[in-house]
Amino acid sequence: MRVMAGCLIPQMAFSGPDFNPIPGPGRRPARFRWCGLSGKFGWWAAAVRKNRNILRFFGETAVNLKHLFYFWKTARSGGVVRAGELLHVTPQTISGQIRLLEESLDTQLFTRDGRSLELTPAGRLAMEYADEMFSLSAELEQALRHHPKGRPVEFRVGVSDAVPKSLAYRLLHPAVDPVDPVRIICREWRLDRLLAELAIHRLDLVIADSPIPPSVDVRAYNHLLGDSGLSFFAARALVDPATPAFPECMGALPALLPGEDSAIRRKFVDWLDRKRLRPRIAGEFDDTALMTAFGRAGVGAFAVPTAIEAETLAGGELVLLGRAEDVRVEYFAISVERRLTHPCVLAISEAARAGLGALERDAGPLPRGK
């Protein structure tokens with residue numbers, strides 16, 4: 001098999017500049033050989049080699065990987081219009097590429113049902129192989145990118161802006177290895193934007209406080225790092241002897257909420273509803289450190305993961321009101337790998353599973369009466 005111009009051309013071998021793709025009499029076809037293909041689709045060609053069963057479907061037909069990719073993206077997104085938006089091309093371009101693929105295979109892959117497209121049986125079969133191919137291509141790129149080359153490996157990680165930065169530091173620190181230096185490149189953004197960067201391999205990992213949202217069309221995998229309960233705090237100046245005990249105090253004091261994208265906000269609001277507490281909302285903050293600073297200034301009570309309770313109390317301006325140990329906030333490592341293989345990601349995962357629980361267990365005793 002030879003790879004050229006973005007196509008798979010089975011049953012061809014080459015042995016020099018006078019290569020003839022059609023074996024002559026008495027000549028046995030050479031074994032499959034693969035030549036490199038640079039550019040956007042080079043990884044997919046190599047991925048095919050790992051799954052020889054793909055040839056059983058494609059047979060003797062030349063299959064253009066770009067056409068196949070457009071077909072795959074259309075099937076996953078539900079239509080040519082959405083696929084065009086994701087790929088930044090017109091729907092007419094998508095339709096033309098799919099039509100060329102169907103002509104090359106002499107097989108119809110889609111049928112039209114009103115204004116929507118439905119996969120034919122052949123289309124579903126092609127989709128199964130395409131899923132495997134593009135998944136393997138992503139894993140191949142990750143493996144080759146991090147293959148040692150005699151220089152510090154870059155580890156590019158995105159941290160959702162809803163994750164407390166002190167907790168993000170604790171999660172990422174195990175990736176720092178003085179024996180095998182790694183350059184860590186951190187990006188902070190909204191989760192959907194980070195997942196878009198992950199999908200095109202500009203990031204190796206995303207740290208988030210929620211799994212991949214169902215509305216995000218990204219082929220990636222959630223790896224649970226651990227979870228933590230919630231601890232509630234207020235400035236000493238905000239609490240007086242007349243303040244009710246926990247949890248009733250959370251309805252009497254003004255409250256500071258994390259931003260709308262934060263899992264802590266959703267858990268916090270649900271907890272308030274179950275307790276039938278209706279505090280006055282004094283502020284909303286995307287950044288946990290900024291929310292904590294306002295809390296220290298006495299603007300309102302707030303909640304953070306129990307895993308960072310000790311450092312939140314450092315300084316003495318805050319008091320611990322109580323804990324909601326039944327409310328669990330989960331943290332995830334999101335990657336394109338089904339099985340974690342990147343050494344930095346493995347170090348983070350292994351340390352987090354033990355570390356988050358240990359931090360929560362090390363939290364001090366609750367104040368009397370809480």
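Just so it is clear, the model here is predicted, and its values are computed rather than measured. Starting from 1, each residue takes its place in the sequence as its number.
- Taking 4.5 Å as the limit, some side-chain heavy atom of M291 sits within range of a side-chain heavy atom of P258.
- Remark: T74 OG1 to F69 CZ distance equals 9.5 Å, nearest 0.5 Å.
- Ion pairing of E260 with R266 is absent here, as no side-chain N (NZ or NE/NH1/NH2) approaches a carboxylate O to less than 4.0 Å.
- Between E311 and S166, the side chains place a donor N or O and an acceptor N or O closer than 3.5 Å (distance only, hydrogens not considered).
- Taking 4.5 Å as the limit, some side-chain heavy atom of C186 sits within range of a side-chain heavy atom of L172.
- The distance from the OH atom of Y70 to the CD atom of Q97 is 5.5 Å, given to the nearest 0.5 Å.
- What you find for L313 and L320 is that their closest heavy atoms are CD2-N, 3.9 Å.
- A donor-acceptor contact closer than 3.5 angstrom links the side chains of T306 and S231.
- Sparse packing is recorded around CZ of R190, with 12 or fewer heavy atoms of other residues, nucleotides or ligands lying under 6.0 Å away.
- Nearest heavy atom pair, residue G259 against residue R265, reads O-CD, 3.3 Å.
- Contact detail for R296 and A235: the closest heavy-atom pair is O-CB, 3.8 Å.
- Under 3.5 Å, the side chains of W189 and D161 contain no donor-acceptor pair of N or O atoms.
- Under the 4.0 Å criterion applied to side-chain N and carboxylate O atoms, E118 and R112 are not assigned as salt-bridge partners.
- Side-chain contact check for V304 versus I264: every heavy-atom pair is 4.5 Å or farther apart.
- Atom NZ of K66 sits about 8.0 Å away from atom CG of N64, to the nearest 0.5 Å.
- Residue L272 comes nearest to R278 through the heavy atom pair O-NH1, 3.9 Å, listed as atom of the first residue, atom of the second, then distance.
- With hydrophobic clusters built from ILVMFWY side chains whose heavy atoms lie under 4.5 angstrom apart, I98 does not share a cluster with L100.
- Atoms OG and CG, from S160 and L191 in turn, are 5.0 Å apart once rounded to the nearest 0.5 Å.
- Closest of all the heavy-atom pairs between L195 and P213 is CD1-CD, 3.9 Å.
- Taking the six-membered ring for Trp and the full ring otherwise, F71 and F110 have centroids separated by under 6.0 Å.
- Ion pairing between a basic and an acidic side chain is recognised when a charged N comes within 4.0 Å of a carboxylate O; D326 and K267 show no such pairing.
- F268 and F232 have their aromatic ring centers within a separation under 6.0 angstrom.
- The pair R82-E85 meets the salt-bridge criterion, since a charged nitrogen lies less than 4.0 angstrom from a carboxylate oxygen.
- Legend: residues meeting side chain to side chain contact (heavy atoms under 4.5 Å, CB included) with D270, ordered by chain and number and at least two apart, are R274.
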Applying side chain to side chain contact (heavy atoms under 4.5 Å, CB included), run through Y129 and L68 and close with a yes or a no. CA-CA 10 Å; Y129 285 116; L68 183 64; over 6 Å; no
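- Atom CD1 of I185 is separated from atom CZ of F155 by 10.5 Å, given to the nearest 0.5 angstrom.
- Using a 4.5 Å heavy-atom threshold, the side chains of R187 and V157 count as separate.
- Between the OH atom in Y331 and the CG atom in D227 there is a gap of 9.5 Å [rounded to 0.5 Å].
- Counting all heavy atoms, side chain and backbone alike, L87 lies closest to I94 at CD1-CD1, 3.8 Å.
- The pair E248-K275 does not meet the salt-bridge criterion, since no charged nitrogen lies less than 4.0 angstrom from a carboxylate oxygen.
- At distances below 3.5 Å, at least one donor-acceptor pair connects side-chain atoms of R328 with backbone N or O atoms of E325.
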